[in-house]
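Atom set for the values below is all heavy atoms of this structure, side chains included, hydrogens, waters and symmetry mates excluded.
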Amino acid sequence: MSMISLEAVSKWYDSFKVLDACTTAIERGEVVVICGPSGSGKSTLIKCINALEPFQQGTILVDGISVGDPQTNLARLRARVGMVFQHFELFPHLSVLANLNLAQVKVLGRTRDVASERSLALLDRVGLRDQAAKFPAQLSGGQQQRVAIARALSMDPIAMLFDEPTSALDPEMIVEVLDVMSTLAQEGMTMLCVTHEMGFARRVANRVIFMDHGTIVEDVAKDAFFDDPSARTARAQTFLSKILQH
Amino acid sequence: MNDLDLDVITRALPWLAQGLQYTVQLTCVAALGGTVLGTLLALARLSPRPIVAGLAASYVNLMRSVPLLLVIFWFYFLVPLGLQWLTSAENPPRVGAERSAYVTFILFEAAYFCEIVRAGIASVGAGQQAAARALGLDQAQVLVHVILPQAFRNMLPVLLTQAIILFQDVSLVSLLNVTDFVGAAGKIAQRDGRVVEMYLFVALVYLVLCSMTSALVRRWQRTHSIGQHPETAR
Amino acid sequence: MNWRIFLETMPEGDATWWQMLASGLGWTLACAATAWIIALAAGTSIGIARTGTSRAASRVAATYVELFRNIPLIIQFFLWYFVLPELCPPLKRWVVQADPAAVQFLAATLCLGLFTSARIAEQVRAGIESLGRGQRQAARAMGLNEAQCYRHVLLPVTFRVIMPPLTSELMNLVKNTAVAYSIGLAELFFRTREMGEITFRYFEAFAAATLAYMVIALAANRAMRFIERRIAVPGVAGTARSAH
């Protein structure tokens, strides 16, 4: 069984169709990059997976549990899927450590001590253990995004969703975040990343999904996507040539 | 509970309309006078001379830290004395609460409008000031032709919202026995023993008038939100 | 001017005028403090309802705010004190046999509390909206439920952001207690007028009251500033509405 599977998922904002019959599956340990022009529905698609956005048609299963089923305990499902946002979304009133502890204590019911131990270990992993007592605003953008990744990992997720994790960062900070993500991928984490970092996709991804106008235009192995221009659709070709120009 | 007697409202309508007319009149005069005086106060507060700025600031802070009701009674009691001093008459002239209220509300609202104008001027941003000076305009020209027109456009919704608050605040003059809208209703309520009908009716009229006006202000704000740079709006 | 008037006793009773004013000041403070608690509790709840996921609750909250913001305060006092007992006979039966001061105090605190709550609700709503959708999504994405999201994420930040306008609201509340004079509550303004009417020493009485209100306003301002500094965290700035 796939870790995450989408079957003909469609979503409308009023009468405007933002997702059109999207079907794909992400296997355990797989790293999938989603790219495509802005407004193509990439972010909306991954936000449907942890039910931050509702969808009107189709089925999404996460580890066999249906996201759209009204019976599903969404809070519990979300707790098992980590998410990293474009603008970090650390909680500004909490220290770095408290940001990592909050959901562990309130959702998973861990004691503060157990949570802190786990949090510090994760901060160590992203190289920020010495910043634990600081507030988010006292860190650089790259550091904040690394904290946000550690915060998502603190819930021991079965999969991680990344929503353009580097697009709000200054260029010199992108590398430190991508490094953390690469390590995570090597350790076998199931990852679904919306990103325009094609270098990252080439190095780390197993598969690339190209979206346009709410549809999945291409869903192919990384090598086929990058190395076989003849297999690419014209739309993907245009998009790639635009972002690879620089 | 005795049944509601709606006739009492119908019969009192002409009297209530007179009261409402006074309320609207006082609101408009105080809003206009307050805006003019408030703008002058705001300019005084931004003055490079510390004495002028300090005096204006003290006036604004004093007015804003004292209950309106106390200010109304202060002026009711001070305006005749002030006129006596101005005209060097032998006895303080009889002014009456109806007329002293105009002075009260202009002077009181000026303090609130001053702060709105000050924020409006601040919203225009230093770049405009510098650009206008660079073109060779003098300080007064910069103010009149560049800063104030933009400031007023930015702050119009806040000014109008303050005017709606003023419209409601004017009702406090009824405690000086003035026949504004609330005063008129209160007098009927006492005379006919119809407190429930009169006060519910007054509440409803205010509710409708103020909701409609604030809805209009909000709509205007939505359609005219141009020129509000997030960087300069602070 | 005769400032010794404050040491003279009232015509009836043996209290001096300054003692009467002090007793009025006591009522003013008690009224403002009680109403502030009501206003914070109700205002926060309404603000939450206004921004929550329930459409119906949001509409009810919006109506609540419109209702309390668009009727003059003095009329709201009359509605609570004169009209409500007439519409509710059991309440009327209690009112006629209760201590008038208690009834006036109750009406005044409820009236001022709910009036102020509508204004606080708007501040809370604006504060929550200023945080954007991201904070809410981040909290929900970690498995926090809606209540936990408000309790641990949205409200702690919102209250830090809205401290300056909350300070203004507290000062407005203190000033608005004077309107309780209209239903006969023996607060500071009531006592000030009473002193003026009986002694004809209006100037002295009003001057004393003005000074007292200024001191309370200043104290309230300082207290809120103190709290604001105590709870301040880096990167969460208050939205200053009016510079003081």
Side-chain angles (χ1 to χ4, degrees), chain B residues 1-2 4 23 45 57 60-62 64-74 76-78 81 112 115-116 118-119 122 158 161 164-165 167-175 181-182 185-186 189 194-200 202-215 234, chain C residues 28 63 66-89 92 119 168 171-172 174-182 187-190 192-193 196 202-203 205-207 209-218 220-221 239-244:
Chain B
M1 172 193 146
N2 38 7
L4 289 182
T23 296
R45 284 202 71 168
V60 170
N61 288 335
L62 174 69
R64 285 164 58 93
S65 57
V66 179
L68 172 57
L69 199 52
L70 185 59
V71 177
I72 292 175
F73 277 78
W74 257 124
Y76 176 58
F77 152 80
L78 282 181
L81 294 181
Y112 284 81
E115 294 303 278
I116 297 172
R118 213 156 62 101
V158 190
T161 304
I164 296 171
I165 296 172
F167 176 59
Q168 296 183 29
D169 280 350
V170 159
S171 59
L172 288 179
V173 295
S174 63
L175 292 175
F181 190 40
V182 172
R194 286 293 172 185
V195 173
V196 176
E197 289 87 344
M198 292 316 291
Y199 287 144
L200 281 178
V202 171
L204 189 69
V205 172
Y206 271 108
L207 184 61
V208 169
L209 289 178
C210 296
S211 314
M212 271 172 26
T213 324
S214 28
R234 272 213 315 151
Chain C
T28 293
T63 311
E66 285 290 292
L67 191 66
F68 284 98
R69 272 211 314 197
N70 288 328
I71 298 176
L73 182 58
I74 188 172
I75 290 293
Q76 295 194 30
F77 268 103
F78 292 164
L79 292 180
W80 284 103
Y81 190 68
F82 297 121
V83 175
L84 192 63
E86 296 297 329
L87 296 177
C88 175
K92 173 95 174 178
R119 306 169 60 96
S168 311
M171 289 161 66
N172 283 338
V174 171
K175 289 184 280 174
N176 282 336
T177 55
V179 185
Y181 152 81
S182 66
E187 44 68 60
L188 180 56
F189 182 72
F190 182 97
T192 308
R193 265 221 72 193
Y202 283 104
F203 189 90
F206 285 179
T210 303
L211 191 69
Y213 279 113
M214 286 178 71
V215 170
I216 312 174
L218 193 71
N221 190 313
T239 50
R241 286 290 160 82
S242 56
H244 269 273

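- Neither the backbone nor the side chain of C/Leu84 has a heavy atom closer than 4.5 Å to any heavy atom of chain B.
- Put simply, CG on B/Leu172 and OH on C/Tyr181 are 11.0 Å apart, with the number rounded to the nearest 0.5 Å.
- In terms of heavy-atom pairs under 4.5 Å with chain C, the best-connected choice from B/Asp169, B/Val71, B/Leu200, B/Val170 is B/Leu200.
- The two residues B/Phe77 and C/Phe203 make their nearest non-hydrogen contact at CZ-N, 3.5 Å.
- Among all heavy-atom pairs drawn from B/Leu70 and C/Thr210, the shortest one is CD2-OG1, 3.5 Å.
- Here the closest non-hydrogen pair linking C/Ala207 and B/Trp74 is N-CZ2, 3.4 Å.
- Separating the CD atom in C/Glu66 from the OG atom in B/Ser214 is a distance of 5.0 Å, to the nearest 0.5 Å.
- Contacts between B/Leu209 and chain C at a heavy-atom distance below 4.5 Å are absent for every atom of the residue.
- Remark: B/Val158 engages B/Ile116 in a side-chain contact (heavy atoms from CB on, under 4.5 Å) (not counting sequence neighbours).
- The two atoms that bring C/Lys175 and B/Pro67 nearest to each other are O-CB, 3.4 Å, heavy atoms only.
- Only the side chain of C/Arg193 comes within contact range of chain B, judged by heavy atoms closer than 4.5 Å.
- Taken from OH in C/Tyr202 to OH in B/Tyr76, the straight-line distance is 8.0 Å, to the nearest 0.5 Å.
- By the side-chain contact (heavy atoms from CB on, under 4.5 Å) test, B/Ser171 pairs with B/Asp180, B/Val182, B/Tyr206, C/Pro72, C/Ile74, sequence neighbours left out.
- Interface remark: C/Phe189 contributes side-chain atoms only to the contact with chain B (heavy atom separation under 4.5 Å).
- Only one option out of C/Leu73, C/Ile75, C/Ile71, C/Asn70 pairs with B/Gln168 in a side-chain contact (heavy atoms from CB on, under 4.5 Å); it is C/Asn70.
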